[in-house]
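Before any comments, here is the structure.
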Amino acid sequence: MFLQRHTHNLLLAAAVLLLLLRFLYLGDVPFINDEPALQLLLEKHAAEGSVPSYGLYGSQPIPYGPSALWLYTALRIISTNSIFLFAAFAFLQTLALALLYLAVRSFFSAKSAAWSVLLAASSPYLFFYSRLLWDNNLLVLLSAALLWLLSKWWGDYQEGAWRFSSVEWLFFGLLSGLALNTHLMAGFILLGLWGFAFYLLRSMKAGASQILKLFGVAVAALVLISLPYLAAIYKLWPQISSSEFQRNALPAMDFVTTLFRSTWYMGYESYFEYFYRGSLEEFYTFAGGLRWLCDFHVSWVLRMAVLFILLRPFFSPKQFSAQPLRIWLSVFWILHCLGEFLAGTTGHPHYYISIWWLPFVVLAYLLSREGLMGRIIKLLTLGVVLLNLGVLFLGMSFIKQNQGTRGQGYGPTLENQEALVLELCTAMQREGRDWVAIDWSQTQVFSHSIQYLMMRRQECQGLGVGFAPGAPIVLDYADSPPGSAKLILRRR
């Protein structure tokens with residue numbers, strides 16, 4: 001009886017406890033490639049006294065937008081301490097789950113929202129991206145904020161009390177612009193979100209002039225916040241247009257795979273293969289008797305149930321004609337996956353960052369059911385949460401013991417690299433040297449990570465380092481424990 005009365009509060013309390021894991025051992029976060037490159041770019045802008053108008057380059061010749069750089073610039077005004085930056089970013093990513101809760105509560109019920117947030121809080125993928133000082137994963141927060149705003153309008157629509165607020169549409173446009181200025185793949189979700197917003201306006205009998213006014217406010221806000229990026233793209237266009245865009249041509253059957261991958265964040269399928277590569281065999285040995293966890297995917301049952309809910313309206317459109325939310329979610333999902341498939345960007349979990357929330361929203365349909373089916377879904381959800389939690393602790397324990405991985409998916413931890421930099425600079429001062437060359441070819445470490453960390457340490461001021469194969473000082477991994485990612489310096 002107690003559990004029935006307090007289920008909602010207990011689920012939220014459990015979700016909060018899981019979210020606190022994001023702030024545990026912040027020295028063990030990954031800091032290997034794009035993360036230090038972003039911080040170096042910010043250092044450059046700070047030295048020049050300029051505001052970033054575009055970010056890093058990815059696999060295409062067009063650079064990412066500056067949204068993440070703007071955020072990190074604001075955070076660095078408070079402190080440039082690496083642990084502070086990671087903690088602040090983890091907090092912002094945690095806000096995304098609060099927004100998910102508010103959205104699902106508006107769409108369905110508070111209890112369904114609590115179940116969905118508990119599952120999302122246990123997601124290994126969302127845990128990883130919450131501790132990554134990157135750019136693309138800012139879409140976790142921005143897409144959740146857009147969803148929350150849309151859910152608020154849905155609630156107003158259901159109550160017949162929409163206020164047609166220009167301020168809200170201004171906010172909608174700014175968020176959309178920030179999302180597009182994070183990664184252009186956000187364009188896929190913006191089409192779906194703006195389309196549903198238009199439907200809600202029409203359903204509330206908004207006149208043409210009112211629709212034009214609200215959309216005009218949102219479009220103006222989107223364009224205004226995108227002006228620095230658009231100006232940068234215009235300036236870089238000769239270089240961009242002369243480069244070759246890459247597209248992976250995918251077989252037709254990969255579209256089915258894309259549909260299933262859109263629910264990736266519910267469990268941990270391929271999690272270790274992507275982020276622990278380079279140390280995967282050592283991790284399996286470390287897991288020992290818990291090795292089965294890595295291949296035991298109860299989440300597949302929930303994911304298949306979500307896909308069933310999404311696919312049903314396509315087979316019985318008349319049956320769902322009076323359920324606009326259900327139809328929108330299905331159409332939004334299929335069009336987004338089609339866009340990803342046609343763009344050839346389906347093979348890595350980060351391509352689904354902008355729709356991470358979708359399976360958790362759809363699952364609420366099943367979680368809101370009463371009777372036997374509802375109880376089965378809740379038990380399965382609880383089982384997936386417990387397995388996700390087991391995987392999180394297993395992965396964190398391995399990272400803590402080995403100080404990272406030997407691959408580029410995670411790499412040596414921030415604390416590991418900081419210890420190496422301190423050792424290097426102390427040795428250089430002791431030997432009276434202001435510059436050394438290092439051979440880093442034995443590791444997966446990127447030179448710009450070491451350079452950035454040297455810039456941040458007082459002990460390294462006035463010291464320089466170069467990177468060249470065959471140099472007399474070799475950057476290597478420790479021999480123990482097997483597969484250790486602890487960085488050490490050897491002399492030839």
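Heavy-atom basis, side chains included; hydrogens, waters and symmetry copies ignored.
Looking at heavy atoms from C-beta onward, Trp134 lies out of side-chain contact with Phe89 at the 4.5 angstrom threshold. Under the 4.5 Å side-chain criterion, counting only non-hydrogen atoms from C-beta, Thr258 is not in contact with Arg261. Side-chain contact between Glu415 and Val29 is absent, with no heavy-atom pair separated by less than 4.5 Å. Residues Met396 and Phe127 are in side-chain contact: their nearest non-hydrogen atoms beyond the backbone lie under 4.5 Å apart. Side-chain contact between Tyr157 and Leu201 is absent, with no heavy-atom pair separated by less than 4.5 Å. Put simply, the side chain of Leu99 does not reach to within 4.5 Å of the side chain of Leu147, judged on heavy atoms. Counting only heavy atoms from C-beta outward, the side chains of Leu41 and Leu56 approach each other to under 4.5 Å. Between Leu367 and Lys378 the shortest side-chain heavy-atom distance falls below 4.5 Å.
Within the 3.5 Å criterion, the main-chain N or O of Thr413 finds no donor-acceptor partner in the side chain of Asp28. Looking only at distances, a side-chain donor or acceptor of Asn137 sits under 3.5 Å from a matching main-chain atom of Leu132. Panel note: side chain Ser330, backbone Ile327; no donor-acceptor pair is recorded below 3.5 Å. Side-chain atoms of Trp333 do not come within 3.5 Å of backbone N or O of Leu358 as any donor-acceptor pair. Using a distance-only test at 3.5 Å, with no hydrogens or angles considered, no donor-acceptor pair links the side chain of Ser122 to the main chain of Leu389. Put simply, the side chain of Trp357 gets close to the backbone of Ser354: a donor and an acceptor are under 3.5 Å apart. Under a 3.5 Å cut-off, the side chain of Asn81 and the backbone N or O of Phe84 do form a donor-acceptor pair. Between the Tyr265 side chain and the Pro349 main chain, a donor and an acceptor come within less than 3.5 Å of each other. Remark: side-chain polar atoms of Tyr125 are paired, donor with acceptor, to backbone N or O of Tyr271 under 3.5 angstrom. Without hydrogens or angle criteria, Ser109 side chain to Ser112 main chain gives a donor-acceptor distance under 3.5 Å.
Side chain to side chain, Arg456 and Ser82 fail the donor-acceptor criterion of an N or O pair below 3.5 Å. Side-chain contact annotation: Asn181 with Ser67, donor-acceptor N/O pair under 3.5 Å absent. In summary, the side chains of Ser106 and Trp154 do not present any donor paired with an acceptor at a separation below 3.5 Å, with no hydrogens or angles considered. A side-chain donor-acceptor contact under 3.5 Å links Ser449 and Gln417.
For His297 and Tyr268, the gap between ring centers is short of 6.0 Å. Aromatic rings of Tyr129 and Trp356 (six-membered ring for Trp) have centroids beyond the 6.0 Å cut-off, not under it. Ring-centre distance between Trp153 and Tyr199: not below the 6.0 Å cut-off. In this structure, the ring of Phe255 has its center less than 6.0 angstrom from the ring center of Phe341.
Taking CZ of Arg312 as the start and CZ of Arg326 as the end, the distance is 6.0 Å to the nearest 0.5 Å. The line from CD1 of Ile233 to CD1 of Ile240 is 4.0 Å long, rounded to the nearest 0.5 Å. Annotation: the span from Trp148 atom CH2 to Ser143 atom OG amounts to 14.0 Å, rounded to 0.5 Å. The structure places CG of Leu382 at 10.0 Å from CG of Leu387, a figure rounded to the nearest 0.5 Å. Here OH of Tyr72 is found 9.0 Å from CG of Leu42. Values are rounded to the nearest 0.5 Å. Distance CG/Leu142 to CG/Leu146: 7.0 Å, rounded to 0.5 Å.
In this structure, Lys44 pairs ionically with Glu48, as a charged nitrogen and a carboxylate oxygen lie closer than 4.0 Å. A salt bridge does not link Arg375 with Glu370: none of the charged nitrogens is closer than 4.0 Å to a carboxylate oxygen.
Between Trp194 and Phe215, the ring planes are perpendicular. Angles over 60° get that label, and only those under 30° would be called parallel.
Annotation: cation-pi geometry satisfied between Arg303 and Phe260 (NZ/CZ under 6.0 angstrom from ring centroid, within 45° of ring axis).
Minimum heavy-atom separation, Tyr365 to Arg369: O-CG, 3.5 Å. Scanning both residues, Leu75 and Ala88, for their nearest heavy atoms gives CD2-CB, 3.8 Å. Nearest heavy atom pair, residue Ala90 against residue Phe23, reads CB-CE2, 3.7 Å. Nearest approach of Phe196 to Pro324, heavy atoms of both residues: CE1-O, 4.0 Å. For the residue pair Ala15 and Ala121, the shortest heavy atom distance occurs at O-CB, 3.8 Å. Looking at every heavy atom in both residues, Ile32 comes nearest to Tyr410 through CG2-O, 3.8 Å.
Checked options Leu97, Leu118, Leu126; the residue passing with Phe360 is Leu126 (criterion: side-chain contact (heavy atoms from CB on, under 4.5 Å)).
Annotation for Phe296: atom CZ does not count as buried by contact number, only 12 or fewer foreign heavy atoms lying within 6.0 Å. Heavy atoms from other residues, nucleotides or ligands lying under 6.0 Å from CE of Met304 number 12 at most. Surrounding CZ of Phe188 are more than 12 heavy atoms belonging to other residues, nucleotides or ligands, all under 6.0 Å away. By the 6.0 Å contact criterion, OH on Tyr57 is enclosed, its count of non-hydrogen atoms from other residues, nucleotides or ligands being greater than 12. Applying the 6.0 Å contact sphere to CZ of Phe393 captures no more than 12 heavy atoms from other residues, nucleotides or ligands.
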Fill in: Glu168 and Lys152: CA distance, side-chain angles, deciding distance, salt bridge (Lys or Arg N to Asp or Glu O under 4.0 Å) verdict
CA-CA 10 Å; Glu168 290 179 354; Lys152 182 183 180 301; 2.8 Å; yes
Worksheet item: Between Gln39 and Arg76, is a side chain to side chain donor-acceptor pair (under 3.5 Å) present by the stated rule, with each step listed?
Response: CA-CA 10 Å; Gln39 299 306 314; Arg76 285 164 62 100; 2.9 Å; yes
Worksheet entry | Steps toward side-chain contact (heavy atoms from CB on, under 4.5 Å) verdict (Leu302, Leu119) | CA-CA 11 Å; Leu302 282 184; Leu119 180 58; 4.2 Å; yes
Discussion item. Please evaluate residues Leu100 and Val361 with respect to the criterion side-chain contact (heavy atoms from CB on, under 4.5 Å), reporting the C-alpha separation (whole Å), side-chain torsions for both, the decisive distance (0.1 Å), and the verdict.
Written reply: CA-CA 8 Å; Leu100 173 68; Val361 172; 4.0 Å; yes
Worksheet item: When you look at Leu214 and Ile211, which way does the side-chain contact (heavy atoms from CB on, under 4.5 Å) test go after all the steps?
Response: CA-CA 5 Å; Leu214 295 176; Ile211 292 175; over 6 Å; no
Item to complete: Report the C-alpha distance between Thr94 and Ser130 in whole Å, list the side-chain angles of each, state the deciding distance to 0.1 Å, and finish with yes or no for side-chain contact (heavy atoms from CB on, under 4.5 Å).
Response: CA-CA 7 Å; Thr94 300; Ser130 73; 5.8 Å; no
Fill in: Step-by-step ring-ring contact (aromatic ring centres under 6.0 Å, His included) determination, Trp169 to Phe172
CA-CA 5 Å; Trp169 278 82; Phe172 188 60; 5.5 Å; yes
